[in-house]
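Structure first, commentary second.
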Amino acid sequence: MGGGSIKARGTSQVRLATAAAALGLAAVLATVSALASSDRAGWLWGFGVVGVLATLVALAGWAGATWWGVVALGTEYTVLHIGGGPVDVGAAFIATGLLLLTEFVMWSLDARSPVVNEAEVTKRRVIRLGLLSLGTLVLGSSLVSAGTLARGAAFARTVAGVVCSIGILAVVTWASVRQRSRDRPNT
Amino acid sequence: MTRHPSPKLAGFASVAAIFLVGALATGRPELVVMASPFVVILVAGLLTAEPPVWTTLSVDIERDRLVEGEAIPLDVRIAAETDVERVEVVLPLPGGISVEDDDTALAFHLPRGRSRNVTLRLRFPRWGVYELGDLYVRAHDRFDFFRYDDRLDARRPIRVFPRTETLRMLVRPAQTQLSTGNQVARRVGNGIEFAGLRPFVPGDVVHSIDPKTTARRGSPWVREHHPERNTDAVLFLDTFSDVRTGSSTTVERAVRAAASIVSVYLERRDRVGLVSFGGVLRWLMPGMGIRQEYRIIEALLDTEVAVNYAWKGIDVIPIRTLPPKALVLAVTPLLDERSVGALFDLRGRAFDVAVVDVSPVPTEPPPSDDVVSELAHRIWTMERQTLHRDLRRVGISVAEWRDGDHLQRAVWEVEASRRGGRLRYA
């Protein structure tokens, strides 16, 4: 069923397209990091394979594996830079890739249900995904720039990190409490 | 309305926490960069998530009575005070109901203050009583961290009447009853149908004198007529067994045949009763009129095969269900010994019995290369022919009604054999 005269894309097509995108993205993220260094190739390939396999398992229907895949691929990238120099500019792209990977897996799993999305729902999801990717790139680049600027001020960075962590925890707690208070009986 | 956190919420929080703790442990800022989108989206999702406030949430079905094969629209009307990113409307359907677009679940965006109508066209290919389930409505927030489920009571019985076939002729009972009807009685009396002439006897009505015959014979002769009377017919529905032949089963076809026959008998002002003879015995006393028609159709809608191995004879049928001089018209696949035995017993008790054999024989014969199947098929059809001959031998007219044939053909054949083969199917 499509919106008005617009025919919605078939559910199986969406599922396959998003699954292929997620798997491709996971493979790219795993390969890029693994090929960047030959010292820790074993570790890097290990985490990469775990990431891709976890993505495969997630796409097979176990949503919980998504997060293992994301963590494995993120860890692979981090292992590459442990003991390295300043913050890598590529982190923003990896962050965007991991977010997109998560969204594609979720989308593919959603498309397994018999619910048929109208074309407008798909369009809005694609736009949201684009905006989130752009926002992640901007945010990641800003953080990378901030990290580069603050180089050398170790104490100040630690303090800023602790303050940010406390702030994040406070915001998450406050938002959760607010969310609970919003839930009210409805008709 | 119930709220459920989606797996995405826990996942985002876990990934963000692992990356941040990892960043503290390893001292690598890359992990902070990777955690940042998950944290920001998590916070944004928690801040913006709000349950939808439905202003309209209703389900409406056009009518709850229809004829099999028809489709009826089911309208779901939905509107919310809040902007809902994605609304899923799901209607689980019981078996036997199909949706024309094959979509019983639909997702759409619902802007604030706008209402939306979703129409599902439900098709009922088979007669029966259907019960629609609840309608499920699920709303997703913008970042899909929470899902809000609502359930709408769409349960209502929908009665799908069997499709009837047009019948121009029915099986005429051998004997009529006393009430006025459309059937010409054998005996003479007040009526329209000419019966014969006889000499005038004292007490005869003067205006019944036939002038021409009187003039020719030289003594008064009177005309005699057959009165128009009604008849009693009892439909004997065999529900012991059900066999699929082609697109439908024998019980489905039998119920369609019974509904068609009942409506025509009742149109002719005859009294019609029903005996559903199977694992569960059901009956309706003979009656007439539109109310009786609906009673019988309602009883037919509940027809189903209940497996039962107990031997049942006609002793279990209430005596008043089978009035004297009634025609017992059996609609049966002649598969179960109990129903076949009951027919012989009824005939043995001098009931006027006729049989429409709802043939379970497949329209397509088995492939010729499968020798065993072909032989089994031949033996089976020969056994059925023998059974038909045995029934005819005791005075029960029987005609085979094959899947795809018009019911009128079988009814005509029964009537023709009852009238000594003088009637022809054309």
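By convention in this document, chain letters (A, B, ...) are assigned in the order of the sequence lines, proteins followed by strands, and residues within each chain are numbered from 1.
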Under 4.5 Å heavy-atom distance to chain A, tell me which part of [X] shows up: side chain, backbone, both or neither.
| X | answer |
| --- | --- |
| B/Phe12 | both |
| B/Val40 | side chain |
| B/Thr26 | side chain |
| B/Arg138 | neither |

Any A/Phe93 side-chain heavy atom under 4.5 Å of B/Val33 side chain: no

Side-chain donor or acceptor of A/Arg124 paired with backbone N/O of B/Glu85 under 3.5 Å: no

I need the [X] [atom1] to [Y] [atom2] distance, nearest 0.5 Å.
| X | Y | atom1 | atom2 | value |
| --- | --- | --- | --- | --- |
| A/Arg125 | B/Arg86 | CZ | CZ | 5.5 Å |
| B/Phe108 | A/Asn117 | CZ | CG | 11.0 Å |
| B/Glu30 | A/Thr78 | CD | OG1 | 7.0 Å |
| B/Leu110 | A/Glu120 | CG | CD | 10.0 Å |
| B/Leu31 | A/Ile94 | CG | CD1 | 11.5 Å |
| A/Arg128 | B/Asp144 | CZ | CG | 7.5 Å |

Positions in residues 60-74 of chain A that reach chain B, provided some heavy atom is under 4.5 Å away: A/Trp67, A/Val70, A/Val71, A/Gly74

For chain B, the option from A/Val121, A/Thr75, A/Thr136 that forms the most heavy-atom pairs under 4.5 Å: A/Val121

Distance-minimising heavy-atom pair for B/Leu106 and A/Val115: C-CG1, 3.8 Å

Residue pair B/Pro37 / A/Leu139: nearest heavy atoms and the distance that separates them: N-CD2, 4.0 Å

SB check B/Lys8 A/Asp110 (cutoff 4.0 Å): no

Salt-bridge criterion met for B/Arg116 and A/Glu118 (N-O under 4.0 Å): yes

Part of A/Ser142 within contact of chain B (heavy atom distance under 4.5 Å): neither

Proximity breakdown for A/Leu132 and chain B, heavy-atom pairs closer than 4.5 Å: side chain

So for atom [atom1], which belongs to [X], do other residues, nucleotides or ligands contribute more than 12 heavy atoms lying within a distance under 6.0 Å?
| X | atom1 | value |
| --- | --- | --- |
| A/Trp45 | CH2 | yes |
| B/Arg151 | CZ | no |
| B/Arg114 | CZ | no |
| B/Arg155 | CZ | no |

Residue selection (most heavy-atom pairs with chain A, distance under 4.5 Å) from B/Val89, B/Leu20, B/Thr2, B/Ile41: B/Ile41

